[in-house]
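Here is the structure we will look at.
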Amino acid sequence: MSESTLQPYQKEFLGQPIGLYVLFLTEMWERFSYYGMRAILVLYMTTSTLGEDIRGAGLGWTDREALALYGWYTMLVYVMSIPGGMIADKVLGQKKAVLYGAIILCLGHGVLVLTDTWAFYTGLGLIILGVGLLKPNISTMVGGLYKAGDIRRDKGFSIFYIGINLGSLLATTAIGFVVIQFGWHAGFGLAGVVMLLGLLNYVFGQKYLTQVGNFISTKGDENEVSYGAMFLKLAKSPKQLIIASILLLISFYGWYTLDWGYGLLFIFLTIIAALLMMIYKELDSQVYKDRFVVLLLSFIMVIIFWGAFEQAGGLMNLYTDTKTDRVLFGWEIPTVMFQGLNAGFIILFATAVASVWAKRKLKGKEGSSIFKMAVGIIIMGFGFLFMVFAAMEFEKSGTSSMMWLVLAYFFHTIGELCLSPVALSFITKLAPAKYASLMMGVYFASSGLGNKVAGIVGEAASDFGDYTIFLGILVFTIVFGSLFILILKPLKRLTHGAEDNEVVMHYDSTDV
């Protein structure tokens, strides 16, 4: 079929839909803004208010205080993906949700340029709202570019993932230099400028996205998803109601014994748990029910993975800043730039790792998504072995080699490549179509909970020490990943062949 007879959304480049590259660039600039700001957030909060640091005055918080806010912020960024997915499903459609999310992000990063305390909290709040709208829906749009059973889907998500990490690499490199030269708020401002680039790219690339992400009204459709109706039905569902009531009591207990923030979090999670139970009850076939269970189990894997991995922006970031010898050939490498190692390794190895898994599966060897994710957790866990060595060296000599960090980030990256893009693709394969955006939101909320776990674990280093924390993460992740490999066969049976018989599929001029 002649390329000239195809509509823009049907055209391909390097074997992938051109729309993938529009979303690739949009996500790249959005991730530049997010990871650039995240890389300096904890450092900014813990820098003295006196302005003695060459990067300018910070907030003067303790490590524990900074890691606590870091955990809440990075969690909420992703937890907001649940309402973001719902809004897309019921009101806007994914395409408009991404657009409005990008606009809000530009405003959030712009506000962070200001030095006032109110601007700091307002900027973080706007970023939370913007990412909540953009993040789950742009990923769902990537899945929508492919037909069911198209084996290119996993590789497409891996290419998309390169965009995420190219943005991260550019951010940690550029913002590291900008902060050294012009101060913290110049770094926040640069993040806003590149987010504007992402918005413009998305707006001008719409002709390649005409068939994906559109709002489809389900009003009057018997299959319409009514979340309000589901909660009303909860009162008539004894088992689900009892479980939800117990969770709610636990939430109130957490409110009074911990603090109101945890109480609100637990109440929110109770609401989501109740919704998921009702969705499970409403599914009209055992196949969908079984796949839904597997999806929920995969979300537990996601929480554990990011709970360990996200030490990069918190505890490992502080460790790099204060306990690592960063001098190379007489030049001290900015702390922020070490977070670019992860992104750099992803750019180098993403397609290779995806190709290895694809070839393995085509040869009939084990290559299921659950297996990849379990292996990813184990590989990432081994990265903390090098942080154990780093902590041991610091205890002996008062400093540690940057080589330990390089090796840790390398193993973390390979583990990430086995889990994160695979999990994104896995959701688009197993989630019922009418719950696609919501389940993508739950995935990112799981990532957010992992970020909160990371903050709590990082805070514990103040009491137990870096060595104990790094060793604990190493042991736990290896045991956890191995457990999922042991139960792999029954989990695969529950997917009912969702990943079987995948082949390469292309658009032709008859597809509309």
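We're numbering straight along the sequence, starting at 1.
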May I ask you to decide if Leu169's main-chain N or O and Thr172's side chain share a donor-acceptor pair within less than 3.5 Å? yes
Dump the intermediate steps for side chain to side chain contact (heavy atoms under 4.5 Å, CB included) on Ile18 and Lys207, then the final yes or no. CA-CA 10 Å; Ile18 292 180; Lys207 68 179 181 179; over 6 Å; no
Relative to each other, are the rings of Trp306 and Phe309 parallel, tilted or perpendicular (30° and 60° limits)? perpendicular
The criterion is side-chain hydrogen bond (donor to acceptor under 3.5 Å, both in side chains); which residues satisfy it with Glu459, sequence neighbours excluded? none
Approximate separation, where rounding is to 0.5 Å, of Thr477 OG1 and Phe305 CZ: 10.0 Å
Report yes if some heavy atom in the side chain of Lys323 is under 4.5 Å from a heavy atom in the side chain of Glu393; otherwise report no. no
Close side-chain approach of Ile175 and Phe32, heavy atoms under 4.5 Å: yes
Give, for atom CZ of Phe338 and atom CG of Leu341, the distance between the pair rounded to the nearest 0.5 Å. 7.0 Å
If you draw a 6.0 Å radius around CZ in Phe349, do more than 12 non-hydrogen atoms from other residues or ligands fall strictly inside? yes
Tell me the side chain to side chain donor-acceptor pair (under 3.5 Å) pairs involving residues 407-416, sequence neighbours left out? Tyr161-Glu416, Asn342-Thr413, Asn342-Glu416
Looking at every non-hydrogen atom in both residues, tell me the closest pair between Leu145 and Pro17 and how far apart they are. O-CG, 4.0 Å
Looking at Ala88 and Asn137, what are the two nearest heavy atoms and their distance? CB-OD1, 3.1 Å
Using the test side chain to side chain contact (heavy atoms under 4.5 Å, CB included), find all partners of Thr468 that sit at least two apart in sequence or belong to another chain. Phe464
Without hydrogens or angle criteria, can the side chains of Asn201 and Thr26 be said to hold a donor-acceptor pair below 3.5 Å? yes
Any donor-acceptor pair under 3.5 Å linking the side chain of Thr122 with the backbone of Ala119? no
May I ask you to check whether over 12 heavy atoms, not counting those of Phe268, lie within 6.0 Å of atom CZ? yes
Side-chain polar contacts of residues 96-112 - donor-acceptor pairs under 3.5 angstrom, sequence neighbours left out - could you list them?
residue: His109; atom: NE2; partner: Ser33; partner atom: OG; Å: 3.3

Measuring from atom OG1 of Thr322 to atom CG of Asp63, what distance do you get when rounded to the nearest 0.5 angstrom? 7.0 Å
I would like to know whether Phe476 and Val479 meet side chain to side chain contact (heavy atoms under 4.5 Å, CB included); could you show each step before the answer? CA-CA 5 Å; Phe476 181 80; Val479 171; 6.0 Å; no
Please report the C-alpha distance between Phe371 and Trp357 in whole Å, then the side-chain angles of each, then the deciding distance to 0.1 Å, and finally whether the side chain to side chain contact (heavy atoms under 4.5 Å, CB included) criterion is met. CA-CA 11 Å; Phe371 180 72; Trp357 284 116; 3.8 Å; yes
Testing the basics here: between Met301 and Ala374, what is the closest heavy-atom pair and its distance to 0.1 Å? CE-N, 3.4 Å
Taking distance alone, no hydrogens or angles, what donor-acceptor pairs closer than 3.5 Å link side-chain atoms of residues 34-44 to residues at least two apart or in another chain?
residue: Arg38; atom: NH1; partner: Glu310; partner atom: OE1; Å: 2.6
residue: Arg38; atom: NH1; partner: Glu310; partner atom: OE2; Å: 3.0
residue: Arg38; atom: NH2; partner: Gln339; partner atom: OE1; Å: 2.7
residue: Tyr44; atom: OH; partner: His185; partner atom: NE2; Å: 3.4

Give the minimum heavy-atom separation between Met337 and Ile333, together with the two atoms involved. CB-CG2, 4.1 Å
Rounded to the nearest 0.5 angstrom, the CD1-CD1 distance for Ile379 and Ile478 is 11.0 Å
Walk me through it: do Phe345 and Val406 pass the test side chain to side chain contact (heavy atoms under 4.5 Å, CB included)? CA-CA 10 Å; Phe345 285 140; Val406 174; 4.1 Å; yes
For Thr46 and Ala66, which heavy atoms make the closest approach, and how far apart are they? CG2-CB, 3.5 Å
Is the distance from the ring center of Tyr208 to that of Tyr21 below 6.0 Å? no
Donor-acceptor under 3.5 Å (Ser420 side chain, Leu417 main chain): no
Do the side chains of Asn214 and Gln94 get nearer than 4.5 Å, heavy atoms only? no
Check for a donor-acceptor pair, side chain of Arg326 on one end and backbone N or O of Met402 on the other, with a separation under 3.5 Å. no
Is the closest side-chain heavy-atom distance between Leu209 and Tyr202 below 4.5 Å? yes
Heavy-atom side-chain contact between Val131 and Glu30 under 4.5 Å: yes
For the OG1 atom of Thr324 and the CE atom of Met316, what is their distance to the nearest 0.5 Å? 9.0 Å
Look only at the side chain of Gln311 and the backbone of Gly307, and say whether a donor-acceptor pair between them is shorter than 3.5 Å. yes
Which heavy atom of Leu67 sits nearest a heavy atom of Leu315, and at what distance? CD2-N, 3.8 Å
When rounded to the nearest 0.5 Å, the distance separating CG of Leu92 from CE of Met86 is 14.5 Å
Hey, does Lys372 have a side-chain heavy atom less than 4.5 Å from the side chain of Phe426? no
Is there side-chain contact between Tyr78 and Leu449, with at least one heavy-atom pair below 4.5 Å? no
What residues, two or more places apart in sequence or in another chain, satisfy side chain to side chain contact (heavy atoms under 4.5 Å, CB included) together with Thr117? Tyr121
Is there a donor-acceptor pair closer than 3.5 Å between any side-chain N or O of Thr210 and the backbone N or O of Gln206? no
Can you tell me if Ser168 uses its side chain to pair, donor with acceptor, with the backbone of Ile164 under 3.5 Å? no
Below 30° counts as parallel, above 60° as perpendicular, anything between as tilted: where do the rings of Phe389 and Phe386 land? perpendicular
Residue pair Phe411 / Leu385, side-chain heavy-atom distance below 4.5 Å: no
